[in-house]
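Encoded as structure tokens, the structure appears first; notes follow it.
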Amino acid sequence: ASPDPTVPFLEGFLQKSGKVRNGNFKKRWVTVMRDHVAYAVDENSRPIDCVSFKDIVGVGFDGLAMAEDMKMWFRPAAEFDWERDHACSLSLKPEEFVVCTARQGYHDGRQFLFDAGTAENRDKWVESVARMLKRHMRDPVPVATTLQKVRKRVRWFYIGDRCQVFVAVLIMLNFLTNIVESHFNGRKTQLLADVLGGCNLFFTIIFTV
């Protein structure tokens, strides 16, 4: 029977790293849906990113290179040999796995690294991703244009942690500027008026953009 597209096939907290090697792990709420894998800060927040199974070519883990049936874990087409060989060459811990994407897709061959805590829990996640991927094996991998990739990266930056911190700092600075302006109201020197005017113009432009 086809899984309900609105019900997660598997979900839970995992540690996720932005880089396969030497990356910092962050706790993320990960969901495996019928059409994509998504991760968010927690179960109540919107996804930071959604990786479509049309863009996923396989799932890598410790021991993948020795797997008897590679078709269970990776798309068999020769065009994905690079992604498959790269995944097999990774030195992963028993509790880690990677979701591998196509180089011609939206994610440029990015490998999403997750830590499931234990090898047993990793197996559960790997098998779940592989099972959903099997449903899309015959789906062509879309070729993303440069503009589409740029738009996705801009969106990822906008909803990412760094952007949220940056916006919070701007709001705080704008608030402090208003306090200074109110404190010196009627007693501003020309220099202070010019500085405050420039700050107000800057914040107006930034928040408008």
Let's go through Asp62 and Arg122 carefully: what are the C-alpha distance in whole Å and the side-chain angles of both, what is the deciding distance for side chain to side chain contact (heavy atoms under 4.5 Å, CB included) to 0.1 Å, and is it a yes or a no? CA-CA 10 Å; Asp62 179 45; Arg122 179 213 66 179; 3.9 Å; yes
State, with a plain yes or no, whether a side-chain heavy atom of [X] is found less than 4.5 Å away from one of [Y].
X: Leu64; Y: Met70; answer: yes
X: Phe53; Y: Val129; answer: yes
X: Thr101; Y: Val51; answer: yes
X: Phe13; Y: Val30; answer: no
X: Met132; Y: Leu10; answer: no
X: Val98; Y: Leu90; answer: yes

Would you say [X]'s side chain and [Y]'s backbone share a donor-acceptor pair under 3.5 angstrom?
X: Arg34; Y: Pro8; value: no
X: Glu83; Y: Arg103; value: yes
X: Thr31; Y: Met33; value: no
X: Glu127; Y: Lys124; value: no
X: Arg75; Y: Arg138; value: no
X: Asn121; Y: Ala116; value: yes
X: Arg135; Y: Asp35; value: no

Residue pair Val141, Gln104: steps toward the side chain to side chain contact (heavy atoms under 4.5 Å, CB included) verdict: CA-CA 8 Å; Val141 175; Gln104 74 256 35; 4.0 Å; yes
Which is it for Phe97 and Leu113 under the side chain to side chain contact (heavy atoms under 4.5 Å, CB included) test, yes or no, and what are the steps along the way? CA-CA 6 Å; Phe97 68 96; Leu113 174 62; over 6 Å; no
Interatomic spacing from [atom1] in [X] to [atom2] in [Y] - rounded to 0.5 Å:
X: Ser128; Y: Glu11; atom1: OG; atom2: CD; value: 11.5 Å
X: Met66; Y: Cys88; atom1: CE; atom2: SG; value: 11.5 Å
X: Met72; Y: Met137; atom1: CE; atom2: CE; value: 9.5 Å
X: Ser52; Y: His36; atom1: OG; atom2: NE2; value: 8.5 Å
X: Asp115; Y: Glu95; atom1: CG; atom2: CD; value: 5.0 Å
X: Asn24; Y: Gln15; atom1: CG; atom2: CD; value: 11.0 Å

Non-hydrogen atoms of Thr177 and Cys199 that approach each other most closely: CG2-CB, 3.9 Å
If you look at every heavy atom in Val59 and Ala130, which pair is closest and at what distance? CG1-CB, 4.3 Å
Taking Trp29 as the starting point, is it possible to reach Val41 by hopping between hydrophobic residues whose side chains are less than 4.5 Å apart? no
Are Val195 and Phe202 connected in a single hydrophobic cluster, I mean Ile/Leu/Val/Met/Phe/Trp/Tyr linked by side-chain heavy atoms less than 4.5 Å apart? no
Just to verify, what does Asp194 make a salt bridge (charged side-chain N to carboxylate O under 4.0 Å, His left out) with, not counting sequence neighbours? none
Please work out whether the ring planes of Trp73 and Phe61 are parallel, tilted or perpendicular, with thresholds of 30° and 60°. perpendicular
Under 30°, 30 to 60°, or over 60°: which ring-plane class applies to Phe114 and Phe112, parallel, tilted or perpendicular? parallel
Could you go step by step and tell me if Phe74 and Cys100 meet the side chain to side chain contact (heavy atoms under 4.5 Å, CB included) rule? CA-CA 9 Å; Phe74 255 85; Cys100 307; 3.8 Å; yes
